[in-house]
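This report concerns only the one structure given below.
Side-chain atoms are counted along with the backbone in the values below, which use heavy atoms only and exclude waters and symmetry mates.
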Amino acid sequence: MSHTHAIILLIIAGVEIALAMYTLLGDIKSQVRRWYAMFALSVAIWVGSLGLDILVSAKKAVIIIGYFPWIGGVLIVTTLLFLVWIWPYKSQPIKLWNWVVIILPIIVFTFLILSPYAPVVEKTQMTAWRSNEQGPSYGLYNTLIFGYLLWAVVSLYRKFRESDGIYRWQLKYFMVSVILAGGIIVVTNIIIPWLGYSEWEIFESAFGPEVSILWVGFSTYIHLKKHT
C-alpha cells in the first residue's frame with residue numbers, strides 16, 4: 001500500500017511540474033508566471049521527494065532524499081506569500097523588507113534542516129512511511145510554516161475584497177484552493193505530528209501531500225478556463 005501511495009505522489013509531482021512549465025513557457029518574462037512556476041515546483045519538490053523517499057530502500061538515500069520535503073515546505077510558503085503580493089496584480093511596491101522575509105527563512109531553515117547542531121528532525125526511521133524524530137528546531141519550523149501560510153491567506157482575502165471583475169474571480173478560486181489544501185496539510189503535517197501521533201504517519205507522508213492536487217486542479221482551472 002505504501003508503494004501505491006508513493007507512485008500517486010510521484011504522479012502528482014509530475015503534474016505539478018508540467019503545470020509549472022506550462023505557466024512559465026507561456027511568457028518567461030512575466031514575473032508573475034516565474035513566481036507561480038516556482039511555487040508549483042516547490043510543491044512538486046515536497047510531494048515528489050516524499051514519494052521517492054518511500055520507494056527507495058538504501059538508508060543513505062532515504063536520509064539524503066528525506067531533507068527535501070522539509071526544504072520544499074519552506075519554499076512553498078515563501079513563494080506562495082510572494083506570489084500573493086504580485087498576483088494577479090501588485091498590491092504594494094516590492095521593497096527590501098519583502099525580499100528579506102522571503103529569502104532569510106530559506107537560508108536559515110535550509111541550514112537548520114541540514115545542520116547536525118539544531119536540526120529540524122533528528123534522524124529518519126526506516127518505517128514504511130519514513131518517520132522522523134523531532135529535532136530542537138522542529139517547533140520553530142512548524143511555526144514558520146503555519147505563520148507564513150496564515151499571512152498568505154490573510155493577504156489573499158484582503159486583496160480579494162478589494163478586487164472586482166476577472167481579478168476577483170481568479171483570487172476567489174485560488175484562495176479556496178489555498179484554504180482547503182493548506183488547512184488539511186496543517187492538520188496532517190503540522191498538528192498531528194507535533195502532538196506526537198506517530199501512528200498516524202500515513203496522513204503526514206501520504207494523505208497530506210496528496211491534497212496538494214487541489215492547488216493543481218484549481219490553478220489549472222484558473223489558467224485554462226475562458227472567463228469573460
Side-chain angles (χ1 to χ4, degrees), residues 13 15-47 71-110 140-186 190 211-228:
V15 173
E16 289 162 346
I17 292 171
L19 175 62
M21 293 299 100
Y22 169 81
T23 304
L24 182 63
L25 295 177
D27 182 4
I28 199 170
K29 295 181 180 180
S30 168
Q31 184 186 39
V32 171
R33 285 178 176 266
R34 290 198 302 270
W35 277 90
Y36 191 91
M38 285 191 286
F39 167 66
L41 286 173
S42 298
V43 178
I45 289 171
W46 175 55
V47 176
I71 295 173
V74 178
L75 292 174
I76 288 170
V77 295
T78 50
T79 55
L80 173 63
L81 181 59
F82 196 93
L83 180 63
V84 169
W85 287 338
I86 65 172
W87 179 86
Y89 59 87
K90 286 184 180 179
S91 57
Q92 59 188 25
I94 302 301
K95 299 180 180 179
L96 178 61
W97 74 267
N98 296 99
W99 291 107
V100 171
V101 299
I102 296 301
I103 296 173
L104 187 60
I106 296 174
I107 296 173
V108 170
F109 279 93
T110 298
L140 185 61
Y141 177 90
N142 281 346
T143 301
L144 171 92
I145 298 298
F146 180 76
Y148 269 58
L149 186 59
L150 182 61
W151 189 355
V153 170
V154 171
S155 299
L156 263 175
Y157 179 70
R158 287 176 176 172
K159 185 179 280 190
F160 169 75
R161 290 193 62 183
E162 297 168 357
S163 303
D164 55 20
I166 185 65
Y167 291 153
R168 189 176 181 87
W169 178 84
Q170 291 176 317
L171 286 163
K172 177 179 71 173
Y173 282 101
F174 190 63
M175 183 169 61
V176 167
S177 73
V178 171
I179 292 173
L180 285 177
I184 294 172
I185 290 167
V186 163
I190 294 181
V211 301
S212 68
I213 196 68
L214 290 171
W215 278 332
V216 176
F218 277 94
S219 300
T220 302
Y221 182 71
I222 292 168
H223 280 81
L224 299 183
K225 182 175 173 60
K226 303 291 185 181
H227 186 78
T228 55

Please report the closest heavy-atom contact between [X] and [Y], naming both atoms and the distance.
X	Y	result
Pro105	Val74	O-CG1, 3.9 Å
Lys159	Val84	NZ-O, 2.5 Å
Ser42	Thr79	OG-OG1, 3.7 Å
Leu83	Val32	CD1-O, 3.9 Å
Val43	Ser212	CG1-CB, 3.6 Å

*Look at the rings of Tyr89 and Tyr167 and say which category their plane angle falls in: under 30° parallel, 30 to 60° tilted, over 60° perpendicular.*
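Judged by the thresholds at 30° and 60°, the geometry between Tyr89 and Tyr167 is tilted.
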
_Using 30° and 60° as the class boundaries, would you call the ring planes of Phe174 and Trp87 parallel, tilted or perpendicular?_
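It falls in the perpendicular class, over 60°.
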
Using a 6.0 Å cut-off, check whether atom [atom1] of [X] has over 12 heavy atoms from anything other than its own residue.
X	atom1	answer
Leu25	CG	yes
Arg168	CZ	yes
Phe146	CZ	no

Atom pair [atom1]/[atom2] of [X] and [Y] - distance to nearest 0.5 Å:
X	Y	atom1	atom2	result
Ile102	Ile94	CD1	CD1	8.5 Å
Leu144	Leu149	CG	CG	10.5 Å
Leu150	Ile145	CG	CD1	13.0 Å
Lys172	Ser163	NZ	OG	12.5 Å
Ile76	Leu81	CD1	CG	13.5 Å

Using only atom types and a distance under 3.5 Å, with no angle test, would you say the side chain of [X] pairs donor to acceptor with the backbone of [Y]?
X	Y	value
Arg33	Thr23	yes
Tyr148	Val101	yes
Thr110	Ile107	no

Determine whether [X] and [Y] make a side-chain contact, defined as any pair of heavy atoms from C-beta on separated by less than 4.5 Å.
X	Y	result
Tyr157	Leu171	no
Phe109	Thr78	no
Val178	Val153	yes
Glu16	Trp46	no

_Tell me if the aromatic rings of Trp35 and Phe39 count as close, with their centers under 6.0 Å from one another._
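Ring centres of Phe39 and Trp35 not closer than 6.0 Å.
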
_Can you see whether Tyr36 engages Ser30 through a side-chain donor-acceptor pair at a distance of less than 3.5 angstrom?_
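Side chains of Tyr36 and Ser30: no pair found under 3.5 Å.
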
*Starting from the C-alpha separation in whole Å, work towards a yes-or-no answer on side chain to side chain contact (heavy atoms under 4.5 Å, CB included) for Ile45 and Ile71.*
CA-CA 8 Å; Ile45 289 171; Ile71 295 173; 5.8 Å; no

